[in-house]
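For ligands, and for the atoms within them, numbers begin at 1 and follow the listed sequence.
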Amino acid sequence: MAYKIIIDPGHGGSDPGATFNGRQEKDDALALAMAVGELLKNAGFDVEYTRTTDVYNTPFEKATIANNVGGDLFVSFHRNSSAEPNQYNGVQTLVYNNSGLKSNLAANINKNLAAVGFQDKDIVERPNLVVLKRTKMPAVLIEAGFINSEQDNKIFDEKFNEMAQAIADAIIDTLDDAGIRATTMNDYRVQVAAFRNRQLADNMAATLRNQGFVVNILAEDGLYKVVVGEFSNLDNAVALEQRLRMMGYNTFIRT
Ligand SMILES: [Zn+2]
């Protein structure tokens with residue numbers, strides 16, 4: 001199975017999160033989350049988002065999405081806030097408890113963001129946060145600087161790409177250290193179709209199963225994608241694709 005990383009942009013829609021001088025946490029969170037997700041996709045990981053647009057879902061719904069799609073790692077993106085403007089600066093990464101893979105990841109995220117210029121305000125245990133508590137996979141929540149700190153906003157805006165890369169690198173390095181990355185890199189599937197309508201995807205999956213194929217439906221980018229097979233060897237994926245094409249399916253090979 002491909003290693004699946006759930007990217008959760010905090011807040012959204014009717015919930016702006018923290019705000020400062022017209023700046024809204026939900027927008028910063030979405031922009032940073034999408035940038036990190038793109039880098040992780042390029043690195044060969046399977047990435048799913050809890051939202052890609054300005055919509056609201058509750059923390060419980062976010063955790064449910066992550067659990068239902070079989071996420072292996074959950075990374076939530078937020079910005080911090082304090083009572084007074086410019087009272088604090090820096091990044092914090094929150095975990096359910098400070099142990100295991102999530103703890104290593106949180107330390108690497110803080111370290112890499114400190115290298116970009118943020119103060120490292122350490123790992124914080126938050127056992128009552130729903131997205132950390134209800135997710136069945138290791139989960140971290142990144143507070144990417146204080147939204148009411150001019151200093152942090154300057155780093156966020158001027159070093160945005162470096163920040164995204166720093167977080168992606170922290171994730172990739174942590175998984176590498178745990179021996180996880182290698183198994184994700186060569187994972188080929190044949191995509192047969194993508195639908196906006198779940199029922200159409202289910203219908204095609206049923207047809208393919210009747211024809212003897214191993215089928216999965218992936219919810220990605222607002223689409224239900226019907227994929228067949230899962231191979232570490234590209235040649236095997238190509239052979240399967242040829243069979244599907246002979247049967248009239250319009251396919252492509254993906255990771
Ligand atoms: Zn938040």
Please determine whether a side-chain nitrogen of the Lys or Arg among Lys225 and Glu220 lies less than 4.0 Å from a carboxylate oxygen of the Asp or Glu. yes
Listing protein N, O or S under 2.8 Å around the Zn ion (ligand 1) gives His11 NE2, Glu25 OE2, His78 ND1
Using a cut-off of 6.0 Å, state whether more than 12 heavy atoms not belonging to Arg126 lie near its atom CZ. no
Checking Arg243, Gln242, Gln191, Glu241 against Thr251 for side-chain contact (heavy atoms from CB on, under 4.5 Å), the one that qualifies is Glu241
Give the other cluster members for Leu94, using side-chain heavy-atom distances under 4.5 Å between Ile, Leu, Val, Met, Phe, Trp and Tyr residues; answer none if it is isolated. Ile6, Val69, Phe74, Tyr96, Val124, Leu129, Val131, Leu132, Met137, Leu141
Which pairs, with at least one residue in residues 200-214 and sequence neighbours excluded, count as a side-chain hydrogen bond (donor to acceptor under 3.5 Å, both in side chains)? Arg198-Asp202, Gln199-Asn203, Gln211-Tyr249
Keeping to residues at least two apart or across chains, list the ring-ring contact (aromatic ring centres under 6.0 Å, His included) pairs with something in residues 124-173. Tyr88-Phe146, Phe156-Phe160
